Amino acid sequence: MKNPYEVLGVNKDDSMEAITAKYQKLKTVYGEARFSAGEEGNRAARRLTEIEAAYADIRAERSYQDSTSASSAEASGDFAGVEAAIRSGDLEKAQLLLDVVTDRTAEWHYLQSYVYYRKNWMNESKKQLEIAVSMDGANPKYQKALQDLNRKMQMDQQRVFTSGNAAYGGQPYGANNGQMGGDTLSNCCTTYLCCQALSCFCR
């Protein structure tokens, strides 16, 4: 049996996100090549079958490993594996680790919020932060994250409103024809708050 990592041309310590990206790239290449005439198309079809099987094997292996580590983490109340996955950019692994946890504490909802934030699912992220705050309102980390996220969402909405009015040649309520920084100031503030929100998570 061929080593699935060798079939995909990836390393065993690569993140699942990187492995998925390589799989999708190979699938596209050989998925198109299989329609070639003659033996070239047949080889591509066989290669595509190998790629699909290898990716399925790796996913099954990673799912088992992550489920095992998540069960241990749940027993100890330790979310270090989730935080490590988030820091490495492996959101798929972070979500898998979160999904198998049954005791969903305030910290669980906080980390779930950050995964949603990284996916740019702002409304879902906000809901999870609100749950974390409702469960542990004395935690300043949760409070600050929710405040920063609310400000960012408000500024994003204002930026869309201002841009929409500009596109139609109109002026939003309270517009000052570009004085006091206009959209430039709003964009800078939004960028700043985004960075603040990011730095607030996983401390």
Side-chain angles (χ1 to χ4, degrees), residues 4-5 7-28 51-136 139 141-153 155-156 190-203:
Y5 293 94
V7 171
L8 294 183
V10 295
N11 297 318
K12 195 165 186 177
D13 57 352
D14 285 347
S15 70
M16 196 63 212
E17 193 173 62
I19 292 171
T20 298
K22 184 62 179 293
Y23 157 73
Q24 290 174 340
K25 182 178 179 180
L26 292 172
K27 184 178 178 181
T28 298
I51 291 168
E52 295 281 6
Y55 184 67
D57 286 346
I58 293 174
R59 279 187 62 87
E61 176 188 316
R62 294 293 180 95
S63 294
Y64 174 76
Q65 292 173 348
D66 292 342
S67 296
T68 301
S69 61
S71 297
S72 300
E74 182 181 358
S76 63
D78 181 15
F79 289 102
V82 178
E83 294 177 358
I86 290 173
R87 283 193 296 270
S88 69
D90 195 344
L91 299 183
E92 184 176 350
K93 179 178 181 179
Q95 187 62 65
L96 178 61
L97 290 169
L98 287 169
D99 285 345
V100 298
V101 175
T102 55
D103 183 15
R104 300 189 171 182
T105 62
E107 185 69 12
W108 185 94
H109 289 284
Y110 173 77
L111 292 170
Q112 179 65 81
S113 171
Y114 187 62
V115 171
Y116 286 158
Y117 182 90
R118 288 287 298 273
K119 292 181 177 181
N120 203 33
W121 297 356
M122 295 303 170
N123 289 329
E124 290 81 357
S125 178
K126 180 181 177 182
K127 288 176 184 177
Q128 293 298 320
L129 272 179
E130 288 173 341
I131 294 172
V133 170
S134 71
M135 294 177 71
D136 186 4
N139 190 309
K141 179 176 69 172
Y142 305 158
Q143 293 177 343
K144 184 177 187 304
L146 182 57
Q147 290 169 1
D148 288 345
L149 183 57
N150 280 330
R151 282 196 292 267
K152 180 189 183 316
M153 292 176 70
M155 286 193 169
D156 285 347
T190 300
T191 301
Y192 171 75
L193 285 174
C194 180
C195 292
Q196 288 291 98
L198 282 169
S199 64
C200 182
F201 284 105
C202 296
R203 285 183 178 175

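Since we're looking at a predicted model, the values are computed, not measured.
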(message) Are there over 12 heavy-atom neighbours, none belonging to K25, within less than 6.0 Å of that residue's NZ?
(response) no
(request) State, with a plain yes or no, whether a side-chain heavy atom of M16 is found less than 4.5 Å away from one of L96. (result) no
(request) Taking all non-hydrogen atoms of both residues into account, name the closest pair between A106 and Y142 and its distance. (result) CB-CE1, 3.6 Å
(message) Quick check for you: to the nearest 0.5 Å, what is the distance between L146 atom CG and R151 atom CZ?
(response) 10.0 Å
(request) Consider only side-chain N and O atoms of E52 and Y23, and report whether a donor and an acceptor are under 3.5 Å apart. (result) yes
(request) Work out which heavy atom in L8 is nearest to a heavy atom in I19; give both atom names and the distance. (result) CD1-CG2, 3.9 Å
(message) When you compare the side chain of V115 with that of K119, does any pair of heavy atoms fall below 4.5 Å?
(response) yes
(message) Test of understanding: with side chain to side chain donor-acceptor pair (under 3.5 Å), list the residues that count as partners of T20, not counting sequence neighbours.
(response) Y55
(request) Kindly indicate, with the supporting measurements, whether the criterion side-chain contact (heavy atoms from CB on, under 4.5 Å) is fulfilled by V82 and Q95. (result) CA-CA 8 Å; V82 178; Q95 187 62 65; over 6 Å; no
(request) Would you please name every residue forming a side chain to side chain donor-acceptor pair (under 3.5 Å) with E92, sequence neighbours left out? (result) R59
(request) Please lay out, stage by stage, how D148 and K152 fare under the test salt bridge (Lys or Arg N to Asp or Glu O under 4.0 Å). (result) CA-CA 6 Å; D148 288 345; K152 180 189 183 316; over 6 Å; no
(message) For V10, is there any backbone N or O sitting under 3.5 Å from a side-chain donor or acceptor partner on D14?
(response) no
(message) So K126 and Y116, do their side chains get closer than 4.5 Å, heavy atoms only?
(response) no
(request) Over all heavy atoms of both residues, which pair between Q143 and V133 is shortest? Give the atoms and the distance, please. (result) N-CG2, 4.2 Å
(message) Can you tell me how far apart NZ (K127) and CG (N123) are? Round to the nearest 0.5 Å.
(response) 6.5 Å
(message) Using every non-hydrogen atom in the two residues, find where L149 and L129 come nearest and quote the distance to one decimal.
(response) CD2-CD1, 3.8 Å
(message) Rounded at 0.5 Å granularity, tell me how far CG in L97 sits from CD1 in I86.
(response) 9.5 Å
(request) Taking all non-hydrogen atoms of both residues into account, name the closest pair between L98 and R104 and its distance. (result) O-NH2, 4.0 Å
(message) Any donor-acceptor pair under 3.5 Å linking the side-chain atoms of Q128 with those of Y114?
(response) no
(request) Given side chain to side chain donor-acceptor pair (under 3.5 Å), test S113 with S125 step by step and report yes or no. (result) CA-CA 4 Å; S113 171; S125 178; 2.9 Å; yes
(message) Any non-hydrogen side-chain atom of E83 less than 4.5 Å from a side-chain atom of E107?
(response) yes
(message) I'd like to know if the side chain of N139 and the backbone of K141 have a donor-acceptor N/O pair within less than 3.5 Å.
(response) yes
(request) Tell me, with the steps shown, if M135 and Y110 meet side-chain contact (heavy atoms from CB on, under 4.5 Å). (result) CA-CA 11 Å; M135 294 177 71; Y110 173 77; over 6 Å; no
(message) Tell me whether K22 is salt-bridged to E17, with the criterion being a basic N under 4.0 Å from an acidic carboxylate O.
(response) no
